[in-house]
Structures are given as C-alpha cells and as structure tokens.
Amino acid sequence: MTDDEWQAHTTRQAAKAIGEWLEARGKLHQPIRALAMWELEAMASNAIGSFIVLASQRIKAEPDQHPELTLLLLG
C-alpha cells in the first residue's frame, strides 16, 4: 500500500469511527455546530484511536518501511 493509499484508508476509517460514534448517540442528523465540546472531543478521540490502531498494524506488517510513523507513535 502506498503512502497515499494508506492516508486515504486511514482518513476513511477515522470518518467511519466518527460516524459510528454519532450514530450510536442518535446525533448523526445534527449539524456539527449543535454538538457540545465534550462530544467533539469524543469524536476526535475515536478518530485518533483508529489512526493509532491502523498505524500500529502497518508498522507490524512492514517494520522497517515507515520510520517516521514509528517515531510519531513511539516518540
């Protein structure tokens, strides 16, 4: 998977996580401006969690191919 393909995949998965969070709370129909800060923070946490899981899987599958990603996750 190229970096561009991975970025698109990661973005899709994050959007899915946000949509699932909103759907589970019955707020998928509301505009973003109607959401409280804690709700926006929860959506961001879900998206970040999705990114971390996907990045970890990518590093595991291709350990020496993505040093910048490893550095980002492990500091």
Side-chain angles (χ1 to χ4, degrees):
M1 180 179 299
T2 68
D3 286 345
D4 287 342
E5 290 170 333
W6 186 78
Q7 178 64 44
H9 175 69
T10 302
T11 300
R12 240 178 274 112
Q13 293 303 313
K16 239 169 92 177
I18 290 169
E20 288 169 0
W21 189 91
L22 286 170
E23 195 172 55
R25 281 143 192 85
K27 297 190 178 205
L28 195 54
H29 66 285
Q30 288 183 331
I32 293 294
R33 70 177 182 270
L35 298 173
M37 182 55 79
W38 72 268
E39 293 170 311
L40 297 169
E41 289 171 347
M43 289 176 2
S45 292
N46 283 352
I48 291 166
S50 294
F51 172 80
I52 291 170
V53 168
L54 292 169
S56 299
Q57 290 171 347
R58 189 172 195 203
I59 291 169
K60 183 178 178 185
E62 304 168 336
D64 298 324
Q65 299 300 315
H66 307 286
E68 72 290 344
L69 196 54
T70 303
L71 183 61
L72 176 67
L73 290 182
L74 301 178

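Predicted model only: the values in this text are computed from it and were never measured. We count residues from 1, following the sequence as given.
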Who passes side-chain contact (heavy atoms from CB on, under 4.5 Å) against Ala24, sequence neighbours left out?
none

Output the distance between atom CG (Asn46) and atom CZ (Phe51), rounded to the nearest 0.5 Å.
15.5 Å

Apply side-chain hydrogen bond (donor to acceptor under 3.5 Å, both in side chains) to Glu23 and list each qualifying residue two or more places apart in sequence or on a separate chain.
none

Please list, chain by chain and in numerical order, all residues satisfying side-chain contact (heavy atoms from CB on, under 4.5 Å) with Glu62, sequence neighbours excluded.
Arg58, Gln65, His66

Taking atom OG of Ser50 and atom NE2 of His9, what is their separation to the nearest 0.5 Å?
9.5 Å

Atom pair CD1 (Ile59) and CG (Leu54), whose distance is rounded to the nearest 0.5 Å:
11.0 Å

